[in-house]
Amino acid sequence: MATVALAFSGGLDTTVCVPLLKEEYGYDEVIGVNVDVGQPTEEFDEAEETAEALGLDIHVVDAKEEFADLCYDAVKANATYQGYPLGTALARPVIAEAILGVAEEQGCDAIAHGCTGKGNDQLRFEAVWRGSDLEVIAPVRELGLTREWEIDYAAEKDLPVEAGDGGVWSIDENIWSRAVEGGKLEDPNYEPPEDIYEWTAEPEGETTIEVAFEEGVPVAVDGEEMDPVSLIQHLNEYAGGYGIGRTDVMEDRMLGLKVRENYEHPAATVLLTAHQALEDLVLTKNERSFKKGIEQEWSEKAYQGLVFAPVVDALNAFVDETQDVVTGTATVKVSGGNCRVVARDSEYAVYSEEMASFNTEDVAGIAQEDATGVAKYHGLQERLANDVKANVSKPELATDGSGIDDESE
C-alpha cells in the first residue's frame with residue numbers, strides 16, 4: 001500500500017491535496033502532519049476538525065523549542081532580510097524536518113506539500129526533503145491549480161473547507177513573526193487597515209525593557225529569567241502593546257518576484273536591537289566590521305531555507321566565537337512604535353570611561369601630543385593622490401564634439 005505524508009494545515013490548498021494525491025497520484029493512504037511552531041490554538045483545532053471530516057490520520061508535532069533555538073541563532077547573527085526579522089523563512093526548515101521525521105517513522109513512500117510554484121516555501125521544504133529517499137510531490141504546482149479551481153473542486157467534492165476571513169488576507173504566524181499578505185495588500189500603494197494587525201497596538205505610551213544576555217543568548221527580561229519560548233511570547237505581548245515590530249516591505253523572493261509583505265515581530269525587534277547594542281559595546285571594531293558580512297550571508301541562507309548548509313555551520317562557528325563576550329544587559333526604550341537603545345552594560349566592555357573622557361589628559365600612558373605624528377600621516381596618501389590628479393593634463397575635445405582636436409587632420 002503506497003503512503004504519502006502531507007504537510008497539512010487544514011487550509012484550502014492542503015485540503016484539496018488529500019483527494020488529489022489519491023486520484024491523480026495513485027496513493028492509497030494520505031497521512032497529515034501539522035507542526036507547532038507557535039500558531040494560534042484555533043488553527044490546530046480547525047485542522048483536526050478538517051482532518052476528521054476527511055477521514056485523515058493527522059500527526060501534530062510540537063517543535064516550538066527547536067524553532068525558538070533557531071530564532072536565538074538568528075539573534076546572535078543579527079539576522080534580517082531586506083530590513084525585517086526573518087520569521088516564516090526560519091520556521092520552514094524546522095517544519096520540514098519534523099514532517100520528514102514522521103514520514104520516515106510511518107514508512108511513507110512519498111512526502112507532499114500544498115505550496116504554489118510562485119512562492120519561497122516550496123524551495124524551503126524541498127531543500128530538506130530532497131535529501132531523503134522519499135518522492136517529493138507538489139500537487140498545486142505540478143497540476144497548475146488556481147485558487148478559483150480549488151474552491152470549485154472543494155465544492156464539487158463537498159470538502160470541509162471554510163473561507164475563514166473570506167480569503168482577504170493570507171496569514172502565516174509563529175512565535176517569531178506574523179506575516180500578512182494577499183488581497184488589496186498586493187497593491188503597494190494601498191494603505192493597510194488597522195485590522196490586519198493582531199500582535200501590535202496603535203503606537204502610544206512608552207516604557208523601557210532590559211534584556212539580559214549570556215554569550216549572545218537572551219536569558220531574562222527586566223530581571224526575570226525565562227525559557228526561550230516564554231521569553232519570546234512575553235515580549236510579543238509586552239512590546240506589541242506599544243506598537244513595536246511592524247514592517248511594510250517590498251520583498252524580493254527567490255524566484256525573482258517582488259511582493260508586498262506586512263509583518264509583525266515585537267519580540268524579534270526588541271531582541272535584535274538589544275543584542276546589537278550589547279555587541280557594539282563588547283566587540284572590537286574589526287570584529288564588528290567583519291561580522292557584518294557574516295550576518296548578511298547568514299540572513300541570505302536563512303531566507304532561502306538553507307540553515308542546514310555546511311556554509312552556515314562555518315558562519316555559526318565564527319558567530320559563536322564572537323559571542324563569548326556578549327554577556328550583559330541592554331535596555332531599550334519603546335515609544336511611539338519605535339525601539340531604541342538607551343543603555344548597555346557588560347563586564348567585557350571594550351571601553352574605558354576614563355580613557356574616553358575629555359577630562360583625562362593621558363590615555364593608558366599615551367599623552368595627547370603623541371597623536372600629532374599620527375595626525376600628520378593620516379590622509380597623507382590621499383593628499384598625494386589629489387596633488388597628482390591636479391597636475392594631470394586632460395586633452396582638449398573638438399568644439400564640434402567629434403573627439404580630440406588634431407591639427408594634422
Side-chain angles (χ1 to χ4, degrees), residues 6-17 20 34-35 37-40 42-44 46-47 50 81-92 95 113-126 138-155 159-200 236 240 245-266 268 303-305:
L6 170 66
F8 185 78
S9 67
L12 177 63
D13 293 327
T14 57
T15 297
V16 300
C17 280
L20 287 174
N34 200 335
V35 182
V37 287
Q39 304 94 310
E42 54 267 24
E43 287 191 15
F44 295 102
E46 292 171 3
T50 303
Y81 179 76
Q82 296 189 336
Y84 74 90
L86 293 160
T88 299
L90 290 175
R92 292 302 183 251
I95 294 172
H113 62 71
C115 303
T116 73
K118 291 185 176 182
N120 294 320
D121 286 344
Q122 57 179 332
L123 306 179
R124 295 163 178 160
F125 279 126
E126 295 183 32
V140 175
R141 180 183 70 201
E142 293 165 2
L143 301 176
L145 307 184
T146 64
R147 186 169 182 83
E148 290 76 12
W149 186 93
E150 291 179 33
I151 292 173
D152 292 340
Y153 178 80
L159 299 179
V161 175
E162 294 183 5
D165 60 3
V168 177
W169 319 122
S170 175
I171 299 172
D172 182 80
E173 183 174 327
N174 55 57
I175 60 172
W176 199 238
S177 78
R178 181 175 178 272
V180 188
E181 62 180 357
K184 292 184 178 180
L185 291 176
E186 292 178 352
D187 177 4
N189 198 39
Y190 172 73
E191 182 177 349
E194 189 64 24
D195 61 14
I196 73 166
Y197 301 108
E198 287 189 6
W199 287 9
T200 55
N236 276 333
R246 291 184 181 183
T247 300
D248 189 324
V249 62
M250 295 305 302
E251 179 178 319
D252 293 304
R253 286 183 176 170
M254 285 182 273
L255 294 180
L257 295 172
K258 189 180 291 291
V259 295
R260 197 264 190 95
E261 297 277 4
N262 288 81
Y263 295 100
E264 292 182 283
H265 37 75
Y303 184 76
Q304 296 165 6

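Note that these values count all heavy atoms, side chains included, but never hydrogens, waters or copies made by symmetry. What you are looking at is a predicted structure, and each value in this text was computed from that prediction instead of being measured.
- L12 has its side chain within reach of R147: a pair of non-hydrogen atoms, C-beta onward, lies under 4.5 Å apart.
- Separation of atoms OH (Y153) and CG (L145) is listed at 9.5 Å; rounding is to 0.5 Å.
- Contact check on E186 versus R260 returns no salt bridge, with no Lys/Arg side-chain nitrogen under 4.0 Å from an Asp/Glu carboxylate oxygen.
- Each of V35, D172, V37 was compared with R92 under the side-chain contact (heavy atoms from CB on, under 4.5 Å) criterion, and only D172 meets it.
- Under the 4.5 Å side-chain criterion, counting only non-hydrogen atoms from C-beta, W199 is in contact with E173.
- In this structure, CZ in R124 is found 10.5 Å from CD1 in I95, a value given to the nearest 0.5 Å.
- Remark: R141 engages E126 in a salt bridge, criterion side-chain N to carboxylate O under 4.0 Å.
- Residues passing the salt bridge (Lys or Arg N to Asp or Glu O under 4.0 Å) test with E261, sequence neighbours excluded: R253.
- Among pairs with a residue in residues 187-196, those fulfilling salt bridge (Lys or Arg N to Asp or Glu O under 4.0 Å) read E194-R246, at least two apart in sequence or across chains.
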> Does the side-chain contact (heavy atoms from CB on, under 4.5 Å) test come out yes or no for V140 and C17, once each step is laid out?
Replying inline: CA-CA 8 Å; V140 175; C17 280; 4.2 Å; yes

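- A 4.5 Å side-chain heavy-atom check between P188 and M250 finds at least one atom pair inside the cut-off.
- In this structure, the side chains of Y197 and N262 come closer than 4.5 Å at one or more pairs of heavy atoms.
- Counting heavy atoms from C-beta on, the side chains of Y81 and D252 come closer than 4.5 Å.
- Considering only residues two or more places apart in sequence or on other chains, E251 meets the salt bridge (Lys or Arg N to Asp or Glu O under 4.0 Å) condition with none of them.
- Donor-acceptor pairing under 3.5 Å is lacking for the side chains of N174 and Q39.
- Judged purely by atom type and a 3.5 angstrom limit, Q122 uses its side chain to pair as donor or acceptor with the backbone of G117.
- Nearest approach of P266 to T200, heavy atoms of both residues: CG-CG2, 3.8 Å.
- At least one side-chain heavy atom of P192 sits less than 4.5 Å from a side-chain heavy atom of D248.
- The CZ atom of F8 sits 5.0 Å away from atom OG1 of T14, with the distance rounded to the nearest 0.5 Å.
- Looking at W176 and H265, their side chains never come closer than 4.5 Å, going by heavy atoms from C-beta outward.
- At least one donor-acceptor pair closer than 3.5 Å links the side chain of N236 to the backbone N or O of I175.
- Judged purely by atom type and a 3.5 angstrom limit, S177 has no side-chain atom pairing as donor or acceptor with the backbone of E264.
- Side-chain contact check for L255 versus K118: every heavy-atom pair is 4.5 Å or farther apart.
- One finds the OH atom of Y303 at 12.0 Å from the CG atom of L90 (value rounded to the nearest 0.5 Å).
- In this structure, N34 CG and F44 CZ are separated by 5.0 Å, a value rounded to the nearest 0.5 Å.
- Between the CD1 atom of I171 and the CD1 atom of I196 there is a distance of 8.5 Å, given to the nearest 0.5 Å.
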